[in-house]
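Just so we're on the same page: letters track the sequence lines, and every chain starts at 1.
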There are 2 protein chains.
Amino acid sequence: MAARGAPQAVYVRIANALRGQIESGQLEPGQQLPTEHALGAEYEVARATVRQALTLLKNEGLIIPARPRGYFVRKIRRSIYRPQAEFRPRPHFAEMDQWMEEQAEDGREPSQTINVEIVNPPHEIANRLGLKPDEMTVVRRRIRYLDGEPFNANDSYFPLSLVSTSEIMVPHDIQRGANEVLAELGARQVRAIDEIEVRMPTPTEATQLDLGPGTPVAVIRSTGYTADDRPVRAVVTVLPGTKHVIVFERDRLDPDD
Amino acid sequence: MAARGAPQAVYVRIANALRGQIESGQLEPGQQLPTEHALGAEYEVARATVRQALTLLKNEGLIIPARPRGYFVRKIRRSIYRPQAEFRPRPHFAEMDQWMEEQAEDGREPSQTINVEIVNPPHEIANRLGLKPDEMTVVRRRIRYLDGEPFNANDSYFPLSLVSTSEIMVPHDIQRGANEVLAELGARQVRAIDEIEVRMPTPTEATQLDLGPGTPVAVIRSTGYTADDRPVRAVVTVLPGTKHVIVFERDRLDPDD
DNA sequence: TAGTGGTCTAGACCACGTG
DNA sequence: ACGTGGTCTAGACCACTAG
């Protein structure tokens with residue numbers, strides 16, 4: 001009965017069966033799975049074995065336990081995140097349009113919390129900003145919410161010496177954008193580099209962003225430079241994988257490949 | 001004893017203790033953890049409880065079980081992946097240089113497998129290429145290895161009508177690059193859009209790329225366009241999160257934010 | 001208050017690679 | 001051959017929240 005060369009564990013076969021039902025749409029997003037007890041009866045195994053199967057699917061991000069109601073097929077919905085937004089106001093690629101519409105169509109309620117601190121930056125930041133040891137930074141920590149649910153987190157670091165007297169110190173939204181403030185300080189950011197790391201969240205991040213099991217994150221570390229190559233801003237953005245698609249556009253400038 | 005408001009489960013506290021030792025460096029990457037039996041004795045709990053703790057850390061990507069030797073602290077090493085490489089030959093940002101060197105420093109042995117098929121493309125591809133139903137595509141499926149270990153997977157789709165007589169059909173490496181072949185066919189790709197999705201791997205991907213538990217992937221869907229906005233190439237790249245950092249550079253073109 | 005998943009125990013046997 | 005983690009059982013009690 002077992003597939004040749006793969007005498008699967010019972011719990012793996014149960015997981016496969018359920019995964020198949022999810023992928024085939026037989027179990028739809030948002031729909032409830034049978035209870036652990038019911039699955040145990042159906043497959044004639046102990047509850048612990050059913051549990052192993054469900055744990056597997058949980059960690060694949062396919063199902064979510066909602067105690068004490070039961071397990072549900074995860075509903076995933078991703079919004080477009082464009083790091084280039086500040087530099088390139090208007091994208092234009094055919095199949096993106098529908099996405100943009102989709103996103104705009106429903107009036108989701110955005111909100112955010114901002115707090116500003118003066119801190120000795122972590123190494124990863126100090127390196128990117130080219131700071132001397134003990135040189136302080138201002139961090140603007142922002143958490144964005146959509147309909148009350150955490151959406152992403154965003155920490156912007158600036159050299160304290162650069163922004164100490166500016167609006168960046170104020171824990172409110174900066175309407176014209178932080179970049180405009182930098183420009184007024186003679187440090188307009190004209191180029192940036194983004195480094196994207198993909199990993200499982202730390203427990204801190206999981207709590208802060210209310211991440212269920214099987215939810216990886218993308219961490220984007222952006223470093224902004226002035227025209228004379230001086231780093232003036234380092235941003236660490238944490239995006240839950242289930243809620244975002246990161247989009248970049250590439251234009252070839254030199255015809256040389 | 002339990003923190004106020006957070007009467008943690010035993011296995012969570014064990015996991016926290018071990019995580020702390022890993023983060024503090026008390027347990028170094030590559031080092032072996034105590035056995036399940038030993039941990040059970042140390043914390044005076046059943047093996048199943050220790051197991052829950054270890055499962056947690058496994059799914060956070062912190063430890064790897066290497067049966068029957070024991071659990072080991074995961075060693076992570078990421079290489080730079082630059083989607084823009086074909087368009088921008090030379091990056092130049094201070095703190096990147098060390099990384100590039102790091103990557104080059106050790107003679108890791110790259111290899112790859114390529115196979116070419118003619119297939120009816122999945123919807124996600126047909127949409128991006130703007131194909132009619134039943135219009136066929138050529139896929140070049142490539143898996144890259146480093147020192148024999150799977151490194152990433154890369155499927156390039158081309159409209160069959162465009163490339164049917166070209167070198168793209170040949171299952172070998174194309175030295176001058178697929179883009180040059182497209183150019184010769186009058187379909188030079190001059191612009192592209194990248195969509196990055198972050199999620200847990202499917203079982204198929206996990207097997208193909210030999211992914212351990214707690215290893216998320218980045219899926220990059222790139223669509224390449226000609227100067228007259230015709231999509232000519234769609235690429236799906238799957239990058240194990242533990243082995244890659246995706247790097248983009250942004251240049252502001254319009255001075256308008 | 002009933003029923004769900006969450007946690008935990010105390011055992012058992014197995015598969016597998018290292019020595 | 002040994003010891004590891006992998007799997008599975010058959011119970012038990014608890015915490016939470018929908019009804």
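Rounded to whole Å, the distance from CZ on B:Arg51 to P on D:dT7 is 7 Å. Nucleotide C:dG6 holds its P atom 16 Å from the NE2 atom of A:His37, rounded to whole Å. Atom pair A:Leu33:CG and C:dT4:P shows a separation of 14 Å (rounding to whole Å applied). For the pair A:Leu56 CG and D:dG6 P, the interatomic distance rounds to 13 Å; values are reported in whole Å. To the nearest angstrom, P of D:dG6 lies 5 Å from NZ of B:Lys58. Note: CD1 (A:Ile14) to P (D:dT7) measures 12 Å, nearest angstrom. Residue A:Leu54 contributes atom CG, which lies 13 Å from atom P of D:dC8 at whole-angstrom precision. Computed from coordinates, the B:Phe72 CZ to C:dT18 C1' distance equals 11 Å when rounded to whole Å.
With the nearest nucleotide of DNA chain D identified for both A:Arg69 and A:Val12, A:Val12 has the one nearer the 5' end. Residue A:Val50 is the one, among A:Val50 and A:Arg67, whose nearest nucleotide of DNA chain D lies closer to the 5' end (criterion: closest heavy atom). Each of A:Gln32 and B:Arg47 was matched to the nucleotide of DNA chain C holding its nearest heavy atom; the match closer to the 5' end belongs to A:Gln32.
One finds no salt bridge joining B:Glu195 and A:Arg78 here, because no Lys/Arg side-chain nitrogen approaches an Asp/Glu carboxylate oxygen to under 4.0 Å.
Partner A:Arg142 forms a side-chain contact (heavy atoms from CB on, under 4.5 Å) with one of A:Asn152, A:Asp173, A:Thr113, A:Val116 and no other, that one being A:Asp173.
Closest to the side chain of B:Thr35, out of D:dT7, C:dG5, D:dT4, is D:dT4. Set against D:dT7, C:dG17, C:dG5, the side chain of B:Pro68 has C:dG17 as its closest nucleotide. When distances are taken from the side chain of A:Tyr11 to each of C:dG5, C:dC8, D:dT7, the shortest belongs to D:dT7. Checked against D:dT9, D:dG6, C:dT9, the side chain of A:Ala48 finds its nearest nucleotide in D:dT9. Looking at the side chain of B:Ala46, the nearest of the listed nucleotides D:dA10, C:dT9, C:dT7 is C:dT9. The B:Gln52 side chain lies nearest to C:dT7 when the options are C:dT7, D:dG6, C:dT4.
Between A:His244 and A:Phe151, the ring planes are tilted. Angles from 30° to 60° get that label.
C:dA15 is paired with D:dT4 under the Watson-Crick or G-U wobble criterion, all donor-acceptor distances under 3.5 Å.
Look at A:Thr49 and you won't find any side-chain N or O under 4.0 angstrom from OP1 or OP2 of D:dT7. Note on A:Tyr71: a side-chain N or O is less than 4.0 Å away from OP1 or OP2 of C:dG6.
Panel note: side chain A:Arg140, backbone A:Val170; a donor-acceptor pair is recorded below 3.5 Å. Within the 3.5 Å criterion, the main-chain N or O of B:Tyr71 finds no donor-acceptor partner in the side chain of B:Lys58.
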